[in-house]
Amino acid sequence: MFKQSRLHPVSIIYDILKRLREFIFPFIGIIVLGGKPSEWGLYTILGASVLLLVILISGFLSWYYFTFYVVDKELRIEYGVFVKKKRYIPFERIQSIDFTEGIFHRPFGLVKVKIETAGTTEAEGELTAISKAVAQDLKRYIIQKKNEQIGSEEVVEVVEPAQQEIYRITNKQLAILASTSGGVGVIVSAVFAFISQFEDIIPYKKIYEHIHLFITSGLALISIVVFVLFVLLWLFSLLITLLKYANFTLSKTKDDLIITRGLIEKKQITIPLQRIQAVKITEAMLRQPFQLVGVSIISAGGSFNDLEAANVLAIPLLKKKQLPDLLKEMVPEYEYSDQLTPPPKRSVWRYIIKNSWIALPIIVSLIYFFHGWGALSLLLLFILPSWGYWNYRSAGYHISGKQLILSFRQFNKTTFMMRRNRIQALYYTEGWWQRKGDLASIQGIVLSGAGGANGVVTDLAKEDVEKVYEWYSLS
């Protein structure tokens, strides 16, 4: 059915651009050693030309010698110019097949296909550009062969598993998601930097009377440029978020969660339910007052080169009160609860101190170097202890049946939900300072990509940590 075929020729461009990115430093080296463009000699031009020619030829040859085909219940990929390599992927080992439509794919009706298998932490096979129709036929064929009885050679038409749409982002949610993304922080910082230049309305001007006028004007000009730059970066961040999460939908079949998103680059991500290791609920600082959360799926897939496959944002934005019902529909074995066992009251000073001690050297340094302006750093004596107390209020754990919930805060509040049979390791730690307060910390680690994902709660009552450890040892 699937004879030996090459990728679409557009993959030549894809491969050349990838190689150009890898050779950017050699190009820079040739240009730097060659001096200014007006000083470029024959060897500089020749070196750059040869390097560019090698990239173009290697891109074409890589495409020409790359073929894929199907033999019974096995996908075979052959590639390599000087050293011929063969990769055979049995259908029964294939866990997910993801499609991506980038800017080079969509005009030609193409997709990039990424194939993940059981027992690996990175894509087993990747077809950078094939027809969308061929990709869908290949996926259907693999599903058919995986589900049919052993020994049956009859080829029948197979309908893909019915998909139930669980979540679709609205235009209002998309606008909130983009406007409250991480890029907002730089805008706030830029506003303060910009306001600080209006010295005529701030009573600190005498401190800087010894500074020459042209320096002051120069700083003001620089601050304006930096402010405008931050605004543009924030707008760019907002645009990227809009494009990335436009048309976001989450659907479910019997065995998989399927995420589709993107406007310019349309991406389809398949998450096998059996590979889900944990569920992570994030309450961003700007969204928490409005009771808005995001939900990510921690999967056994992914690698160092593809971290997104291991930590997939399944629900970008949702009202917290809707979370229990949606989780029950998406991953019924996980049950959300905010009834946490918090750290004891004797832990609160530990949270405050470990989040505040850095304030003292910062304050001393800023006052020494900036005098009056540096005195503003005294605000840290209020901000950092408050931050430590907020971290204390966010921490806790909850055990329900075979599920452990760990809640903690770094910058955003995170609720980490783990099934006992998915926990790879559970660490019980007790420092010398904690022993004095009869305290301990707990950390749970699950498999995720090339490394692991973890949740950690510090300075719990020792008896509570022992209770969690005892619960885990029963598995």
Side-chain angles (χ1 to χ4, degrees), residues 2 68 70 73-77 87-102 105 110-130 132-148 158-167 248-262 265-280 295-315 330-334 419 422 446-453:
F2 296 93
F68 68 96
V70 170
K73 295 184 179 181
E74 194 171 67
L75 174 64
R76 299 186 176 183
I77 299 174
R87 180 171 291 178
Y88 297 164
I89 308 173
F91 289 173
E92 64 267 17
R93 291 189 62 239
I94 294 177
Q95 294 290 315
S96 65
I97 304 173
D98 297 335
F99 296 161
T100 301
E101 298 177 50
H105 297 93
L110 306 173
V111 294
K112 179 173 73 173
V113 180
K114 187 175 71 172
I115 298 166
E116 289 191 352
T117 60
T120 61
T121 56
E122 58 182 24
E124 184 72 19
E126 187 174 276
L127 308 177
T128 54
I130 64 173
K132 186 187 296 186
V134 172
Q136 291 172 342
D137 288 343
L138 178 62
K139 183 175 181 178
R140 279 194 290 266
Y141 185 76
I142 291 173
I143 293 172
Q144 171 192 328
K145 287 297 183 179
K146 287 184 67 175
N147 294 334
E148 70 181 12
V158 174
V159 179
E160 289 190 65
Q163 295 186 19
Q164 174 191 0
E165 186 176 294
I166 296 176
Y167 170 88
F248 190 105
T249 60
L250 171 66
S251 303
K252 184 180 180 181
T253 67
K254 179 183 177 183
D255 301 314
D256 305 308
L257 292 175
I258 300 172
I259 296 170
T260 304
R261 61 168 173 78
E265 181 184 60
K266 186 177 179 182
K267 195 166 188 177
Q268 184 186 88
I269 303 171
T270 301
I271 309 171
L273 294 174
Q274 64 182 20
R275 300 194 81 180
I276 294 177
Q277 306 297 306
V279 175
K280 184 174 72 173
V295 181
S296 299
I297 298 296
I298 307 299
S299 170
S303 64
F304 285 121
N305 295 324
D306 188 12
L307 297 177
E308 185 182 23
N311 188 349
V312 183
L313 185 62
I315 303 173
M330 183 174 71
V331 279
E333 63 272 25
Y334 290 87
R419 302 290 293 177
R422 296 294 189 181
V446 298
L447 181 65
S448 176

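All of these numbers come straight from a predicted model, not from anything done at the bench.
- Judged purely by atom type and a 3.5 angstrom limit, H105 uses its side chain to pair as donor or acceptor with the backbone of T128.
- What you find for L250 and A314 is that their closest heavy atoms are CD2-O, 3.8 Å.
- The nearest pair of heavy atoms linking V446 to A278 is CG2-CB, 4.1 Å.
- Panel note: side chain R275, backbone Q95; no donor-acceptor pair is recorded below 3.5 Å.
- With sequence neighbours left out, E165 forms a salt bridge (Lys or Arg N to Asp or Glu O under 4.0 Å) with R168.
- Going from atom OH of Y167 over to atom CE of M330 covers 11.0 Å, rounded to the nearest 0.5 Å.
- Taken from CD in Q268 to OG1 in T100, the straight-line distance is 9.0 Å, to the nearest 0.5 Å.
- E74 is linked by a salt bridge (Lys or Arg N to Asp or Glu O under 4.0 Å) to R76, counting only residues two or more places apart in sequence or in another chain.
- Closest heavy-atom contact between L75 and F91: N-CE2, 3.5 Å.
- Distance CD1/I143 to CG/L138: 10.0 Å, rounded to 0.5 Å.
- In this structure, F99 and Q136 have side chains that are in contact, with non-hydrogen atoms separated by less than 4.5 Å.
- Partners of Q277 according to the side-chain hydrogen bond (donor to acceptor under 3.5 Å, both in side chains) rule, which considers only residues two or more places apart in sequence or in another chain, do not exist here.
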Using side chain to side chain contact (heavy atoms under 4.5 Å, CB included), reason through K145 and V70 one step at a time and then give a plain yes or no.
CA-CA 11 Å; K145 287 297 183 179; V70 170; over 6 Å; no

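- One finds the CD atom of E116 at 11.0 Å from the CD1 atom of I94 (value rounded to the nearest 0.5 Å).
- Residues T270 and I97 are not in side-chain contact: their nearest non-hydrogen atoms beyond the backbone lie 4.5 Å or more apart.
- Partners of K252 under the side chain to side chain contact (heavy atoms under 4.5 Å, CB included) rule, at least two apart in sequence or in another chain, are I166, L257, L273, P332.
- For the pair V113/D98, no side-chain contact is recorded, criterion being any heavy-atom separation below 4.5 Å from C-beta on.
- The side chain to side chain contact (heavy atoms under 4.5 Å, CB included) check on Q164 picks up E329, with sequence neighbours excluded.
- Considering only residues two or more places apart in sequence or on other chains, S296 meets the side chain to side chain contact (heavy atoms under 4.5 Å, CB included) condition with K280, N311, L313.
- We find the CD1-CD1 distance between I271 and I259 to be 4.0 Å, quoted to the nearest 0.5 Å.
- For the pair K73 and E92, the tightest heavy-atom approach, listed with the atom from each and the gap, is O-OE1, 4.4 Å.
- With values rounded to the nearest 0.5 angstrom, T249 atom OG1 is found 9.0 Å from I258 atom CD1.
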